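Shown next, in structure tokens, is the structure this report addresses.
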Amino acid sequence: MKAKNLGVNTICTHTGELKDEQYQGAVSPIYLSSSYAFMDVDVKRYPRYFNTPNQEGLSKKIAALEGGEDALIFGSGMAAVSTTLLAFLNAGDHVVLQKTLYGGTYNLVVEEFEKYNISYTFTDGLGADAFAKALQDNTKVIYIETPSNPLMTITDLHMVTQLAKSKGIVTMIDNTFASPINQQPLKFGVDIVIHSATKYMGGHSDICAGAVVASKAHIEQIWNLAKNLGGSLSDLTVWLLERSMKTMGIRVKKQNKNAMKLAKWLDALDGIDTVYYPGLTTHTDHLLAKAQMKGFGGMMSFELAANIDPEAFQKALRLIKPSMSLAGVESTMLNPAQTSHFLLGEEERKKQGISEGLIRFSVGIEQVKDLKQDIKQALSKVSSKAKKKKKSVLH
Ligand SMILES: *Cc1c(COP(=O)(O)O)cnc(C)c1O
């Protein structure tokens, strides 16, 4: 059956699965060979050529989920990001990147691009003017990320692709936060979609992987560099990722639902100031998110009231784990000022609207009532402590 006629959960479960011809087992066999025959074969297979049976099978599933022609699977999200950017940028070229980007991508650009003589501009904002102003005659790539980390800003996909198409510029998006369940950028004319599969695709906080989806021609261009840089993923992990992705549709939809309920609840809760979630009608980019996303995702952030210490709050949580990374079935929190955005420094954080009391919340699949209960007990613990402290100062 052609994947384009199948529903998303069917694609997650079946597309690209390998038949077990020998024993008729229900799941894809794992082919661990790093040595394949070269005589009388159509394809010369080798793990670093990204073409083992398991790599090819999973590529089909990921391509189908994004509605793309072809895909490549990488050893990490950053292997996918770096290989893809460098495949389209030569010495003397220029790239325009959205101002709010995943920290690793930002570091790749500012730490590495100069030695390749690739110049870059980070946009001043996310509007059409900001992107247009950043363009130069030698701009070859526009790179965006939406929703962005940690304030869940939304970039207008149509705006970016229209701007790029008229000038023959290749557009790339990091679609990690949305996952293909909530956003399919190729349908909006974006050329290349990149994922950290470490996040929603893996979904259990136990895999590090990446993926790229695009047309056959673009994937070929990326592959030409990928085989030289060597960022392929081990077939054992490819298999584990295939297994994880069978439940991605139901996981992400449950996370969307949980996040929506929690965002509304947090918005009205004492001890919490602003909540940043694209599903809330009060979010600056709500209408844009509604126009280009099928679901608003499982990621949000919120500001703790000024009298609540972010570290004490996170330490008081019993169920929700304060931890790096995101998108697992378990709920996690972190404060960007101390983790992902620590190196920016307080001044730059302030410029980007990231306050010291901002908490990023990766909503899991647990029961909402249990998550609410956990947040409530943590808040009451730290607010009573805050009050006590004040009293002792007075005495
Ligand atoms: C985690 C992440 C990456 C990098 O992925 P790794 O698998 O850690 O290399 C890139 N972009 C976004 C949005 C991420 O969250």
Side-chain angles (χ1 to χ4, degrees), residues 58 62 66 71-86 95 97-112 122 126 141 143-155 157 172-183 185 190 192-213 222 226 229-234 237-238 240-241 244-245 248 252 255 259 276 278 293 296-301 323-328 331-334 336 339-344 352 354 360-364:
L58 183 58
I62 293 177
E66 285 288 4
L72 290 173
I73 297 151
F74 287 85
S76 71
M78 281 315 300
V81 170
S82 57
T83 306
T84 305
L85 274 167
L86 291 173
V95 52
L97 305 110
Q98 159 175 337
K99 147 183 119 161
T100 40
L101 276 189
Y102 176 72
T105 308
Y106 177 84
N107 292 343
L108 166 75
V109 172
V110 301
E111 290 173 16
E112 308 295 339
F122 291 100
L126 297 180
V141 170
Y143 186 100
I144 61 169
E145 189 175 318
T146 177
S148 79
N149 182 25
L151 296 177
M152 311 301 138
T153 58
I154 307 294
T155 310
L157 298 178
M172 301 177 183
I173 183 174
D174 183 331
N175 201 31
T176 301
F177 269 38
S179 92
I181 306 301
N182 288 329
Q183 182 167 269
V190 177
I192 299 171
V193 177
I194 304 172
H195 282 278
S196 168
T198 311
K199 314 297 164 52
Y200 286 104
M201 289 187 176
H204 296 72
S205 310
D206 55 9
I207 287 174
C208 184
V212 178
V213 185
I222 298 164
L229 294 183
S232 57
L233 184 66
S234 126
T237 314
V238 169
L240 200 54
L241 186 54
S244 303
M245 286 186 63
M248 182 171 67
V252 170
Q255 283 164 312
Y276 301 92
M293 298 179 79
F296 297 112
M299 297 299 300
M300 72 176 77
S301 55
S323 54
M324 302 283 278
S325 205
L326 58 117
S331 292
T332 60
M333 284 186 187
L334 59 75
T339 54
S340 53
H341 295 69
F342 178 73
L343 290 176
L344 282 184
Q352 296 194 14
I354 300 163
R360 190 187 73 187
F361 187 7
S362 170
V363 178

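Counting convention: from 1, in listed order, for ligands and their atoms alike. Keep in mind that the numbers below use all heavy atoms, side chains included, and drop hydrogens, waters and symmetry copies. Keep in mind the model is a prediction, meaning the values are calculated, not measured. Numbers here simply count residues along the sequence, with the first being 1.
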Sub-4.0 Å atoms of ligand 1 with respect to non-hydrogen atoms of Gly77: 5 (O), 6 (P), 7 (O), 9 (O)
Using heavy-atom distances, let me know which of Tyr102, Tyr200, Phe177 sits nearest atom 3 (C) of ligand 1. Tyr102
Do the non-hydrogen side-chain atoms of Glu66 and Pro185 ever get within less than 4.5 Å of each other? yes
If we set the cut-off at 4.0 Å for heavy atoms, which region of Ala79 has an atom near ligand 1: side chain, backbone, both, or neither? neither
Counting each atom of ligand 1 from 1 as listed, which ones have a heavy atom of Ala209 under 4.0 Å away? 7 (O)
In ligand 1, the atoms that come under 4.0 Å of a heavy atom of Lys199 are 1 (C), 2 (C), 3 (C), 14 (C), 15 (O)
Testing Glu145, Gln98, Lys99 for side chain to side chain donor-acceptor pair (under 3.5 Å) with Thr155, which one passes? Gln98
Phe122 atom CZ, neighbour heavy-atom count above 12 within 6.0 Å: yes
Subset of ligand 1 atoms that lie under 4.0 Å from at least one heavy atom of Thr198: 6 (P), 7 (O)
Around atom 11 (N) of ligand 1, find the nearest protein heavy atom and jot down its residue, atom name and distance. Asp174 OD2, 2.6 Å
Just distances here: any N/O of Ser196 and N/O of ligand 1 closer than 3.5 Å? yes
Backbone or side chain, does any N or O of Cys208 fall under 3.5 Å from an N or O of ligand 1? no
Within-4.5 Å side-chain heavy-atom neighbours: Thr146 and Met293: no
